[in-house]
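First up is the structure itself, then whatever we jot down about it.
All figures in this text were calculated on a predicted structure; none of them were measured in a lab. FYI, the numbering just counts along the sequence from 1.
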Amino acid sequence: MSKNLRAAVATALSVALAGGFISLTTVAASAATAPAKHADDYNGDGFRDYATAESLAGKVTVTYGTASGPGTQKRTFTQNTAGIPGSVEENEAFGISLAPADYNRDGYADLAVGDPLQKVGKRDRQGMVVILWGSKSGLTGKVSTLRNDSPVSGQWFGESLATGDFNGDGKADLAVSQPTAVTVYHGGFSTSGATGKVTGFAVTGANKHMEQASSLVAGKVDKDKFTDLYVLGRGTSKGRDTSAAWFIRGGSTLKPGKTETYNALGSWYQPAAAIADFDKNGYGDLAVSDPMYNKEAGSVFVLRGGSTGPSTWYRLSQSSAGVATGPAPYEWFGFALSAGDVNRDGHPDLAVGVPGEKVGSAPLAGGAHVLYGGKQGLSGTGSQWITRGTSGIPGSVTEYDFFGGELRLRDFDRDGDSDVLVGAQDKPSVLIPSAGRQGLATASARELPLEPVFPQ
């Protein structure tokens, strides 16, 4: 159902984990020049490009943008591509995590790629992160491997990636997770493999609510100039698994902050998440998936931002007023999430996947809701519900389609509002353009050979 190996990672991690806190030395920073206009414009032509991964197959594919959106020019990278370390092997996960940014500030966006299952030397599942460097011709096989000074077997280095300017110096930084630690590499980066200062945060033993980190999400939470970071993971509470979000506040010195638990009944490995100012009060809110909620009917947990980081919270589910469908076990409302302004009112909105939804008589056919932001934040009021049976949507309702299993909100047609790309099981994705204040224009939906997987 999920092409980014979330389920496979969860299964493997439940068997065994090994490794510890990683300590990396600081190396020389690269000279700063003008950064790329877009963090994902790999060939510097002014148009956003689109990177996706099939981590089960070890493939990362870049589709280059045009004035009208994604074009036909593509390039696929694997570990058999000249210059990329390793080789294509079973039980590895090249591309499970992606993070685009202009890391060396040369005017071309670059792409950080993680493979937490990579065997390095004799160290099985040590993990690896490489940066594919952009150029006038786009991404090439020219890569740099992120330095790891404390490698061990079972480290799972590179399981999740997030990028932003965490220390406010105008250079892109890169956060890398493994189950027991999070490491932030500060810019500048260079094609020789050099980075700026490196800051490490231990997870195991340092946080009473979190025993394993699984996902990272970066964004502006408070009102300062620094990018902040949430570490999502799991631990135990009163003898039961629980999910938690750990806030790390950006600044000249990164500062670990509050941890908020949001499910005391179970945990979901590598939840989908997004940071956006849904109520437009100047603080970024964290929306995180909680598909285990209410016998796996699912929900979305929203943690409001405040002056010092996380503040109050609320929860949305299919029981929320205005949401078109009702809750039932194993529907996984919130399995996939993506944020963007769909109706041009200035408030970010949230697309929510429900891949286990029964549509008509078809089990697990799936669908997606668009929940709109407003002065009070996200709500079900005026929300839109989309399935293969919605007028204008290509295809037909099919059992086990898992429509809504992957989502991406993005301005594909460059008209100023976010369109919705919805993925399903082994089928082309459906692009649903926005129509301004009217929300989604389902009558204009079309299929695209793109997958709406991470990064968001």
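Looking only at side-chain heavy atoms (C-beta outward), Thr183 and Thr199 stay at 4.5 Å or farther from each other. The side-chain heavy atoms of Asn167 and Lys197, taken from C-beta on, include no pair separated by under 4.5 Å. You'll find the side chain of Trp156 reaches within 4.5 Å of the side chain of Leu117, heavy atoms only. Counting only heavy atoms from C-beta outward, the side chains of Trp332 and Glu296 approach each other to under 4.5 Å. The shortest distance between side-chain heavy atoms of Val129 and Thr145 does not fall below 4.5 Å. Between Leu174 and Val184, the closest side-chain pair of non-hydrogen atoms is not below 4.5 Å. At least one side-chain heavy atom of Val430 sits under 4.5 Å from a side-chain heavy atom of Phe403. Counting only heavy atoms from C-beta outward, the side chains of Pro428 and Pro449 never approach each other to under 4.5 Å.
Under the 3.5 Å distance criterion, the side-chain polar atoms of Ser137 are left unmatched by any main-chain donor or acceptor of Ser135. No side-chain donor-acceptor contact under 3.5 Å links Asp115 to the backbone of Met128. In terms of modelled atom types and a separation under 3.5 Å, the side chain of Arg249 and the main chain of Leu254 share no donor-acceptor contact. The backbone N or O of Val300 lies less than 3.5 Å from no partner atom in the side chain of Ser289, so there is not a single donor-acceptor pair. Remark: side-chain polar atoms of Asp411 are paired, donor with acceptor, to backbone N or O of Gly416 under 3.5 angstrom. Not one N or O on the side chain of Thr390 forms a donor-acceptor pair closer than 3.5 Å with the backbone of Ile393. Using modelled atom types, no side-chain atom of Tyr293 and backbone atom of Phe333 make a donor-acceptor pair closer than 3.5 Å. Without hydrogens or angle criteria, Thr195 side chain to Gly187 main chain gives no donor-acceptor distance under 3.5 Å. When atom types are taken as modelled, the side chain of Arg234 and the backbone of Asp241 share no donor-acceptor pair closer than 3.5 angstrom.
A pairwise comparison of heavy atoms in Tyr108 and Gly134 identifies CB-C, 3.6 Å as the closest pair. Shortest non-hydrogen contact noted between Pro310 and Tyr230 is CB-OH, 3.3 Å. Heavy atoms only, all atoms of each residue included: Ala172 and Ala101 are closest at CB-CB, 3.9 Å. Between Ala162 and Leu229, the shortest heavy-atom distance links the atoms CB-CD1, 4.0 Å. Across all their heavy atoms, Ser214 and Ser177 have their closest contact at O-OG, 4.5 Å. Of all heavy-atom pairs spanning Thr227 and Ala218, the tightest one is CG2-CB, 4.0 Å.
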- Query: Does the side chain to side chain contact (heavy atoms under 4.5 Å, CB included) test come out yes or no for Phe335 and Val354, once each step is laid out?
  - Reply: CA-CA 6 Å; Phe335 180 90; Val354 196; over 6 Å; no
- Item | Derivation and outcome, side chain to side chain contact (heavy atoms under 4.5 Å, CB included), residues Asp285 and Val221 | CA-CA 6 Å; Asp285 310 314; Val221 175; over 6 Å; no
- Start with the C-alpha distance between Leu409 and Val342, add both sets of side-chain angles, then the distance that settles side chain to side chain contact (heavy atoms under 4.5 Å, CB included), and finish with yes or no. CA-CA 8 Å; Leu409 284 186; Val342 173; 4.1 Å; yes
- Any chance you could lay out the side chain to side chain contact (heavy atoms under 4.5 Å, CB included) test for Phe201 and Val231, step after step, and finish with the verdict? CA-CA 10 Å; Phe201 299 92; Val231 182; over 6 Å; no
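Contacts of Phe77 classified as ring-ring contact (aromatic ring centres under 6.0 Å, His included), with partners at least two apart in sequence or in another chain: none.
In the model, Thr61 has a side-chain atom that pairs as donor or acceptor with a side-chain atom of Thr76 under 3.5 Å. Defined by atom type and a distance below 3.5 Å, a donor-acceptor pair is missing between the side-chain atoms of Glu159 and Gln178. There is no side-chain donor-acceptor pair under 3.5 Å between Thr140 and Trp133.
One distance of note links CG of Leu450 with OG of Ser429; it measures 6.5 Å at 0.5 Å rounding. Rounding to the nearest 0.5 Å gives a distance of 8.0 Å between NE2 of His186 and CG of Asp169. Distance check: Phe94 CZ to Gln79 CD gives 5.5 Å after rounding to the nearest 0.5 Å. Distance CD/Gln384 to CG/Asp349: 9.5 Å, rounded to 0.5 Å. The line from NE2 of His209 to OG of Ser243 is 13.0 Å long, rounded to the nearest 0.5 Å. Put simply, OG on Ser97 and CD on Gln270 are 8.0 Å apart, with the number rounded to the nearest 0.5 Å.
Lys220 and Asp165 are not joined by a salt bridge, as no carboxylate oxygen comes within less than 4.0 angstrom of a charged side-chain nitrogen. Taking a cutoff of 4.0 Å between a charged side-chain nitrogen and a carboxylate oxygen, Asp419 and Arg410 do not qualify as a salt bridge. The pair Asp173-Lys171 does not count as a salt bridge, with every side-chain nitrogen at least 4.0 angstrom from each carboxylate oxygen. The pair Arg344-Asp417 meets the salt-bridge criterion, since a charged nitrogen lies less than 4.0 angstrom from a carboxylate oxygen. A salt bridge is defined here as a Lys NZ or Arg NE, NH1 or NH2 lying under 4.0 Å from an Asp or Glu carboxylate O, and Arg48 with Asp40 meets this definition.
In this structure, Phe402 and Tyr400 have tilted ring planes: the angle between them lies in the 30° to 60° band. Ring geometry for Tyr103 versus Phe189: interplanar angle over 60°, hence perpendicular rather than tilted (30 to 60°). Ring geometry for Phe157 against Tyr185 counts as perpendicular: the plane angle is over 60°, on a 0 to 90° scale with 30° as the lower cut.
Other residues, nucleotides and ligands contribute at most 12 non-hydrogen atoms within 6.0 Å of the NZ atom of Lys59.
In this structure, Arg75 is not positioned above the aromatic face of Tyr64 in the sense of NZ or CZ being under 6.0 Å from the six-membered ring centre and within 45° of the axis.
Ring centroids of Phe47 and His38 are separated by 6.0 Å or more, keeping the two rings apart.
When Ile84, Thr191, Asp110, Leu111 are each tested for a side-chain contact (heavy atoms from CB on, under 4.5 Å) with Val143, only one passes: Ile84.
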